[in-house]
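Single-structure report; data block below.
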Amino acid sequence: MSGLYSVAAVICGSAVLIALLSHFVTDGGTKKLLRLVMGAFMVCCMVVPTVRAISGISADWESHSAESPGSATADEAFNRQVTAQTKLNLESALKDILGQNGIAVRRNEITLALTDESHIIISAITVFIDTQQENERDRITQITEKHFTVSPRIVTE
């Protein structure tokens, strides 16, 4: 803000100086030349701080747009949100598929990974079952491989 005050002070001082000088000069041609030079000076007094302010804003913008290790871009945040929702949908689908086949599981966890910016893959499936369903391991594996093409890790609780 002090930069704005100093610019305003320079412009006001220059305007007073121009007014005083124009009173002392009586010749028409010299007066026109003086007004031209002082007008150019006034324009420079207004343009230079404005250009500096704009370049300061763009430099400040660049520092904010640069990624810091703790920040995420909008694309990364969107990818995390899509991955989390996909994980929930797949876990719900697996539980429903196993339930339709008469297998009630305690819970299941699906681990997803991004291969690049646009592809999500299932990297691991873990199914948690009761000890009474120990004999269903083969069916759970077959159903999961059929629908998800991934062999599950089955954990008895």
Side-chain angles (χ1 to χ4, degrees), residues 1-18 36-157:
M1 207 51 143
S2 65
L4 182 62
Y5 291 130
S6 64
V7 169
V10 167
I11 290 173
C12 289
S14 300
V16 170
L17 183 65
I18 290 170
L36 178 68
V37 170
M38 292 303 169
F41 177 74
M42 290 295 283
V43 168
C44 288
C45 283
M46 289 185 270
V47 169
V48 169
T50 305
V51 169
R52 286 184 183 160
I54 290 172
S55 67
I57 290 171
S58 66
D60 189 37
W61 175 257
E62 289 171 2
S63 70
H64 287 298
S65 67
E67 292 183 39
S68 62
S71 68
T73 63
D75 289 340
E76 290 171 343
F78 179 74
N79 284 342
R80 279 198 303 270
Q81 187 177 12
V82 167
T83 304
Q85 187 61 47
T86 303
K87 177 181 179 344
L88 290 174
N89 292 347
L90 288 172
E91 287 173 350
S92 176
L94 178 59
K95 189 172 186 175
D96 291 343
I97 290 169
L98 291 173
Q100 290 172 358
N101 286 289
I103 303 169
V105 296
R106 295 185 111 187
R107 63 187 166 96
N108 56 42
E109 293 178 2
I110 296 180
T111 306
L112 300 177
L114 287 172
T115 58
D116 57 30
E117 292 295 320
S118 61
H119 292 91
I120 299 173
I121 62 168
I122 299 173
S123 59
I125 296 177
T126 306
V127 178
F128 298 89
I129 59 173
D130 290 328
T131 54
Q132 297 93 327
Q133 295 175 319
E134 186 71 34
N135 57 348
E136 297 289 335
R137 280 181 175 270
D138 291 337
R139 276 191 57 215
I140 292 171
T141 301
Q142 287 175 345
I143 293 168
T144 305
E145 285 177 349
K146 177 182 174 186
H147 292 281
F148 295 94
T149 64
V150 174
S151 181
R153 186 177 74 126
I154 300 173
V155 178
T156 306
E157 293 183 325

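Small disclaimer: the values here were computed from a predicted structure and weren't measured.
- Listed by chain and number, the residues in a side-chain contact (heavy atoms from CB on, under 4.5 Å) with T141 are E145, S151, P152, I154 (sequence neighbours excluded).
- When the side-chain hydrogen bond (donor to acceptor under 3.5 Å, both in side chains) test is applied to E136, the partners found at least two apart in sequence or on another chain are R139.
- Here the CD1-CZ distance, from I110 to F148, works out to 5.0 Å after rounding to the nearest 0.5 Å.
- Within 6.0 Å of the NZ atom in K87, the count of heavy atoms belonging to other residues, nucleotides or ligands exceeds 12.
- Every residue two or more places apart in sequence or in another chain was checked for a side-chain hydrogen bond (donor to acceptor under 3.5 Å, both in side chains) with Q81, and none qualifies.
- Screening residues 39-51 for salt bridge (Lys or Arg N to Asp or Glu O under 4.0 Å) gives no qualifying pairs among residues at least two apart or on separate chains.
- Residues satisfying the side-chain contact (heavy atoms from CB on, under 4.5 Å) criterion with T156, sequence neighbours excluded, are I129, T131, E134, R137.
- How far CG of L112 is from CG of L90: 6.0 Å, rounded to the nearest 0.5 Å.
- Within a 6.0 Å sphere centred on CZ of F128, other residues, nucleotides and ligands contribute more than 12 heavy atoms.
- Of the possible donor and acceptor atoms, one in the side chain of T144 sits under 3.5 Å from a partner among the backbone N and O of I140.
- Atom CG of D138 has 12 or fewer neighbouring heavy atoms from other residues, nucleotides or ligands inside a 6.0 Å radius.
- Shown here are the side-chain hydrogen bond (donor to acceptor under 3.5 Å, both in side chains) partners of T86, two or more places apart in sequence or in another chain: there are none.
- Under the side-chain contact (heavy atoms from CB on, under 4.5 Å) criterion, I121 pairs with A113, T115, sequence neighbours left out.
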- Item | Derivation of the side chain to side chain contact (heavy atoms under 4.5 Å, CB included) call for V127 and L94 | CA-CA 9 Å; V127 178; L94 178 59; 4.1 Å; yes
Side-chain donor-acceptor distances from residues 97-109 under 3.5 Å, at least two apart:
residue, atom, partner, partner atom, Å
N101, ND2, I97, O, 2.8
R106, NE, D130, OD1, 2.9
R106, NH1, E157, OE1, 3.2
R107, NH1, E109, OE2, 2.8
R107, NH2, E157, OE2, 3.3
N108, ND2, E91, O, 3.4

